[in-house]
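Notes follow once the structure below has been shown.
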Amino acid sequence: MEQSKMGTKALWAGEKEQLVHGATQVPVIHSVSFGYDDLDEWYEVATGQKDGHIYGRNTNPTVKAFEEKIRILEGAEAVTSFSTGMAAISNTLETFLFPGDRIVSIKDTYGGTNKIFTEFLPQKQIDVELCETGNHEAIEAEVTKGCKILYLETPTNPTVKITDIERMVQAGHDVGALVIIDNTFATPINQNPIDLGVDLVIHSATKFLGGHADALGGVVCGPENLVEKIYHYREINGATLDPMAAYLLLRGMKTLHLRVEKQNENAHKIAEYLKTVDWVDDVFYPGLEEHIGHDIAKQQMRGFGGMLSFSVKGGMDTVRYLLPKLQFANRAANLGAVETVVGPARTTSHIECTPEERAAMGIPEGLIRYSAGIENIDDLINDLEQAFASLPEELMAKG
Ligand SMILES: *Cc1c(COP(=O)(O)O)cnc(C)c1O
């Protein structure tokens with residue numbers, strides 16, 4: 001399994017051990033506990049001397065199949081899962097950070113992650129240093145001063161900035177820091193951070209992994225000695241992934257490679273199209289040669305991803321007019337779904353931030369985040385074309 005190609009892994013990995021009654025598909029085990037007639041066997045499982053399940057907050061067979069699939073796709077030694085992506089992030093940070101510790105990260109992390117950095121960690125006397133995203137020298141300078149964790153995200157939400165993973169791993173490991181990355185935007189189809197030396201890889205499974213916008217979940221992958229600690233924190237603190245959600249995410253992941261390949265292709269074509277539109281000021285997509293992180297992205301990614309963003313003339317007034325005109329796009333806060341999803345950055349990824357905080361992060365109020373779905377590309381471009389054509393000219397004058 002570990003030797004097979006991504007597409008084959010997406011379909012077959014992690015399932016076999018959980019199949020019962022000759023079923024070809026993983027069952028959804030809705031059971032809070034797992035009973036034992038043999039009290040000695042129960043004791044052996046409960047103390048980890050024997051494989052098995054005890055209580056649903058700790059482990060569950062359906063959840064295990066989902067975890068194994070992502071573990072194998074990320075090429076990791078171990079994995080554990082969570083009720084949401086934010087639970088994966090907060091539980092991982094809480095496992096390793098204590099009062100007096102220091103963490104270095106970037107300004108453009110996911111909005112919720114940014115809130116942890118700016119609100120919750122400082123309350124616990126944890127020192128947080130957020131560097132300009134993409135400024136590798138600035139990050140290195142801060143890391144060199146010493147830190148327990150270097151936390152990265154690439155590409156970032158919503159302007160898809162790129163950070164050089166290998167270079168950051170070098171800087172982090174030089175000072176003995178744990179290097180953690182949120183790989184949600186890239187997916188394991190486009191990027192495997194563990195191959196580049198990263199210690200822990202986090203996903204919001206809610207997005208591309210599940211891919212159908214019908215289940216929340218999160219995962220963290222990495223070496224056994226680290227994941228074991230995070231699992232222990234989670235099993236006690238209780239942010240457990242529900243078996244039904246695990247099943248939906250597992251089923252979604254069977255088509256991960258097909259979806260992501262199509263989304264890569266659609267996003268690239270949409271970005272190229274948007275460059276030709278008079279209404280569009282800026283297009284952000286790492287697949288565009290003029291994108292600031294293009295060369296690094298080309299080196300560390302197999303595909304440039306399904307996410308892009310663009311700013312329009314006339315700012316928020318234009319956005320308000322344009323987005324409701326789109327027929328083939330959900331105006332919603334999620335991303336990575338089979339359907340195209342659009343929204344202003346200020347109400348999607350960075351709703352938790354104030355306008356001043358967004359401005360400091362370089363996010364214009366009129367920025368549109370575009371998560372390419374797997375629709376026929378001609379329909380997506382025609383849809384944008386008719387929406388732009390419907391805009392009143394006076395908005396353009398507002399610049
Ligand atoms: C959505 C998202 C999260 C949070 O995931 P939830 O499942 O919504 O808790 C974290 N990181 C990134 C990059 C995301 O897009």
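For reference, positions follow the sequence shown, starting with 1. Just follow the structure's listing: the first ligand is 1, and inside any ligand the first atom is 1.
In this structure, a donor-acceptor pair under 3.5 Å is absent between the side chains of T109 and E153. For the residue pair E235/N58, the side-chain donor-acceptor check at 3.5 Å is satisfied.
Although no hydrogens or angles enter the test, the distance criterion places a donor-acceptor pair under 3.5 Å between the side chain of R259 and the main chain of L209.
Contact check on K64 versus E68 returns no salt bridge, with no Lys/Arg side-chain nitrogen under 4.0 Å from an Asp/Glu carboxylate oxygen. Between E290 and K275, at least one side-chain nitrogen of the basic residue sits less than 4.0 Å from a carboxylate oxygen of the acidic one, meeting the salt-bridge criterion.
Set against the non-hydrogen atoms of I89, the atoms of ligand 1 under 4.0 Å away are 10 (C). In summary, the atoms of ligand 1 found under 4.0 Å from a heavy atom of D182, numbered by their order in the structure, are 10 (C), 11 (N), 12 (C), 13 (C).
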Q: Run the numbers on E74 and N183 for side chain to side chain donor-acceptor pair (under 3.5 Å), then give the verdict.
A: CA-CA 10 Å; E74 281 295 12; N183 204 33; 2.8 Å; yes
Q: Give the intermediate values and the outcome of ring-ring contact (aromatic ring centres under 6.0 Å, His included) for residues H291 and Y285.
A: CA-CA 6 Å; H291 186 276; Y285 185 66; 7.9 Å; no
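At least one N/O-N/O distance between G85 and ligand 1 falls below 3.5 Å. Considering backbone and side-chain atoms together, E153 places no N or O closer than 3.5 Å to any N or O of ligand 1. Between T113 and ligand 1, no N or O atom pair is found at a separation short of 3.5 Å.
In this structure, atom 2 (C) of ligand 1 lies nearest to the protein heavy atom K207 NZ, 2.4 Å. Of the protein's non-hydrogen atoms, the one nearest atom 5 (O) of ligand 1 is S204 OG, 2.9 Å. Ranking the protein heavy atoms by distance from atom 7 (O) of ligand 1 puts T206 OG1, 2.6 Å first. Protein heavy atom in closest approach to atom 9 (O) of ligand 1: M86 N, 2.8 Å. The single protein non-hydrogen atom nearest to atom 4 (C) of ligand 1 is Y110 CE2, 3.5 Å, given as residue, atom name and distance.
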